[in-house]
Amino acid sequence: MNRYPHSLATTVPSDPEEELVENEYRQLITAYLRSNHRKKTGIIEKAYRFAKAAHKGTRRRSGEPYILHPIAVARIVISELGLGSTSICAALLHDVVEDTEFTREDIEANFGPKIANIVDGLTKISGGILGARSSLQAENFRRLLLSMSNDIRVVLIKMADRLHNMRTLGSLRPEKQLKITGETLYVYAPLANRLGLFKIKTELEDLAFRYEHPQKYAEIMAKIDESESYRRSVVEKFVAPVRRRLDAAGYKYEIKARVKSAYSIFMKMENKKIPFEEVYDIYAVRVIFENDDDEKERLRCWEIYTFFSDGHNMHPDRLRDWTSVPKANGYRALHMTAMGPDGKWIEVQIRSRKMDEIAELGYAAHWKYKTGQTADEDSRLEKWMNTIKDILANPEPDSIDVLDTIKLDLYASEIYVFTPKGDLLALPSGATVLDLAFAIHTELGKHCIAGKINHRLVPLNHVLGSGDQVEIITSSSQTPKREWMDYCHSAKAKDALRNLLRKDREVLASHGRAIYIQMLERESIPNNQDVMKRLLRNYRLESPDDLYRMLAADEISLSPAQLKASQKKRVSMLRKIFRNPFSNQKSPSEAKDADESATPVNNEPTVKIDRKKTYTLHPDALKPNYLLDTCCSPLPGDDVFGFVNDCEQVVVHKVSCPDAMRLKSSFGSRLVATKWGSLADKFEVKILLEGLDRPGILEDIATTLHRRLNINLRSLNINALNEVFSCELVVLIDSTVTLNTILNTLKEIKGLRTARRIS
């Protein structure tokens, strides 16, 4: 049916709100007319009027008309992704099918199959039936990747949609903010990185950081602003001699001073446990030159490199040539690091204009460059998407497992290795011999027993380095092992291995089922659901297949005892037929749960929690109203959130905890916003001290803690090697404020170089 919203004719705005909407649309059209696409304003106008009428009367949580959201997404599509009229129309219409009465058929009838297919792909990402263990976010990610493998514009528009949602996150409740920022850091930012959308990746990370750690974000931004004038003078002094040489050589160019993003600075401070002042690559220089001859592009990059290297000291280990072998996301540039005038290292990126556009827009820029070297880059993207298709083609895996598997490749940097015949293969950094075997062929991975590098035998889990020439050694008797999962670092290898192990599990389950049926027949017990349910409940198993596999693997064995009771007793005594040799250990399902989540569960009465309110944590020595997760050991003062476990208890995680990131992205409905209340309780915190050894330093540390700070010291472990020592302390404190006081005071001790918290 060809339906069309009423009132599609252009109307004269009659109120300020209508004027606001029309003004936003005019800015969209202005941005489109400035682009280098064909000027199809007619169909864009039609899509705008259609979407506006379809969303009439609907508002966002901020109170503004809903149509402003699709307009903003469309502006990102044209202004920041450089896409054309088809993508703009799809962006304007992206929520029509999901949120209004109109269907895909209506979109196709009015705008054609191409736009309808993109809108349909965007709609499917948010819908569908979930599996028993799937989460909405993980299932949506699965659909996102499936849609991307059909038309990459689907994921590009979805990125624009997510970016605008992040820009307007302030209107949502705190627990919703945590859910969305968790998804963003766990899924969307890595995916943007994989697609080369550097600007969008950076903004997504910074916005997530801003909402998850508002105080730390403000502190870092303030320090960046404070150092701006000094930074400008340092960079200008650094590039002045290079400018003269570029001008003399006749280059048309621009030089930009790039500041490291707040999120990147924060992560470096967290990972290296250093203050802001010790992050040496806060600023970098980018040289972008105009180039009219693709064949001379690399040569000109290296010529500009010599302009820097002739006048500056170069860092010997930080030269990166991405001009000959691009990154997996298509990125090409020449990187170097040189000593600046203030004694600090400055990174330099040298790019042609074409390289720069692809670096900023990733595969969105490939529509502009359809020939030449980008052909290889497009084929690499196609190869990666085909790998994703293979992983997603199997309906068996839990979608959360799929998310984790594919995410391995999203942020991974690459190494390049050679086969014995000299073929070049790209693998994620950290890849092993087993990863390479599966990358070549599944059968090779299945029978791999070792590798050979430079005539030297290496084991399956040997980590490969760039430039290695690797030969895979196989044996027909070799079979996949479960521990191989720990050896794999690529999505393709993990998925292939998971499928092989699953087939083995199916064979094991079939054998166990035969044993089970024979046992029932021998004891004259009916094979019905009640019997199976009692067994599963008794051994805390999730499915009959779990029981069958335990039988086949001799983890549960048949007792010789004969059943003498009545048929009614036979059912109840069936539990005694089996003897579990590991009865004093966790059952397999319990062990699996323990591996997958550190969330503590106990048998206390259920606590009803209002997930729409901020939950105040009251540290109390007698009865805390929450549980602290041991994966990150949060303190009062840390940025935290609550996760409601199966017993309706609030389990507290640090916002930056790696385990918590998965919870935020995969179980959004269980999140609660939290804030610290009274500080009656004390918490154990581990502190690491490092410095130069001297007589009396241990006494100074103990005296400072006891006399100056009145801190309860629980344990102390010191290790000295030559003139250097390290010391681990465990202290009882009440908050991060006290912790910072301790760290700052300890740093005043002569010889101590670092004092930091260990999570």
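- Side chains of Thr703 and Arg708: a donor-acceptor N/O pair is absent below 3.5 angstrom, by distance only.
- Remark: Glu270 engages no residue in a salt bridge (charged side-chain N to carboxylate O under 4.0 Å, His left out) (not counting sequence neighbours).
- Distance alone, capped at 3.5 Å, places no donor-acceptor pair between the Thr738 side chain and the Asp734 backbone.
- Between the side chains of Glu347 and Thr337, no donor-acceptor pair of N or O atoms lies under 3.5 Å.
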Step by step, would you call Leu752 with Phe725 a side chain to side chain contact (heavy atoms under 4.5 Å, CB included)? CA-CA 9 Å; Leu752 273 186; Phe725 88 98; 3.5 Å; yes
Can Glu236 and Arg232 be said to form a salt bridge (charged side-chain N to carboxylate O under 4.0 Å, His left out), step by step? CA-CA 6 Å; Glu236 190 54 43; Arg232 285 179 181 274; over 6 Å; no
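- Under 4.0 Å is where a charged nitrogen must lie from a carboxylate oxygen, and between Lys199 and Glu203 no such pair does.
- Qualifying side-chain hydrogen bond (donor to acceptor under 3.5 Å, both in side chains) partners for Ser656, counting only residues two or more places apart in sequence or in other chains: none.
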Please evaluate residues Val259 and Arg231 with respect to the criterion side chain to side chain contact (heavy atoms under 4.5 Å, CB included), reporting the C-alpha separation (whole Å), side-chain torsions for both, the decisive distance (0.1 Å), and the verdict. CA-CA 9 Å; Val259 181; Arg231 188 171 60 249; 3.3 Å; yes
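- In this structure Ile758 satisfies the side chain to side chain contact (heavy atoms under 4.5 Å, CB included) test together with Lys686, Leu688, Glu728, sequence neighbours excluded.
- Residue Asn313 places its CG atom among 12 or fewer non-hydrogen atoms of other residues, nucleotides or ligands, all under 6.0 Å distant.
- Evaluation of the salt bridge (charged side-chain N to carboxylate O under 4.0 Å, His left out) rule for Arg210 yields no partner, not counting sequence neighbours.
- The aromatic rings of Phe266 and His213 sit tilted relative to each other, their planes meeting at an angle between 30° and 60°.
- In this structure, His335 and Tyr331 have perpendicular ring planes: the angle between them is above 60°, well past the 30° mark.
- Every residue was checked against the salt bridge (charged side-chain N to carboxylate O under 4.0 Å, His left out) condition with Lys176, not counting sequence neighbours, and none meets it.
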Just do the salt bridge (charged side-chain N to carboxylate O under 4.0 Å, His left out) check on Asp700 and Arg694 with the steps written out, would you? CA-CA 11 Å; Asp700 288 348; Arg694 64 171 175 81; 2.7 Å; yes
Derivation of the side chain to side chain contact (heavy atoms under 4.5 Å, CB included) call for Gln215 and Glu219: CA-CA 6 Å; Gln215 185 175 349; Glu219 290 172 358; 3.4 Å; yes
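- Closest approach of Met314 to Tyr305, counting heavy atoms only: CE-CE1, 3.9 Å.
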Should Leu464 and Thr432 be marked as a side chain to side chain contact (heavy atoms under 4.5 Å, CB included) after you check the CA-CA gap, both sets of side-chain angles, and the distance that decides it? CA-CA 5 Å; Leu464 302 175; Thr432 62; 5.7 Å; no
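- The aromatic rings of His653 and Phe643 lie perpendicular to each other, with more than 60° between the two planes, well past the 30° mark.
- A donor and an acceptor atom, one from each side chain of Asp435 and Ser490, are located under 3.5 Å apart.
- The two residues Ala333 and Arg351 have their closest heavy-atom pair at CB-CG, 3.7 Å.
- Residues satisfying the salt bridge (charged side-chain N to carboxylate O under 4.0 Å, His left out) test with Glu690, not counting sequence neighbours, are none.
- Taking a cutoff of 4.0 Å between a charged side-chain nitrogen and a carboxylate oxygen, Glu254 and Arg286 do not qualify as a salt bridge.
- Looking only at atom types and distance, the side chain of Thr323 has no donor-acceptor partner in the side chain of Arg332 under 3.5 Å away.
- Lys201 has a carboxylate O that lies under 4.0 Å from a charged side-chain N of Glu205, or vice versa, which qualifies the two as a salt bridge.
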Show your working on side-chain hydrogen bond (donor to acceptor under 3.5 Å, both in side chains) between Arg353 and Tyr253 and close with a plain yes or no. CA-CA 9 Å; Arg353 180 67 62 185; Tyr253 66 93; over 6 Å; no
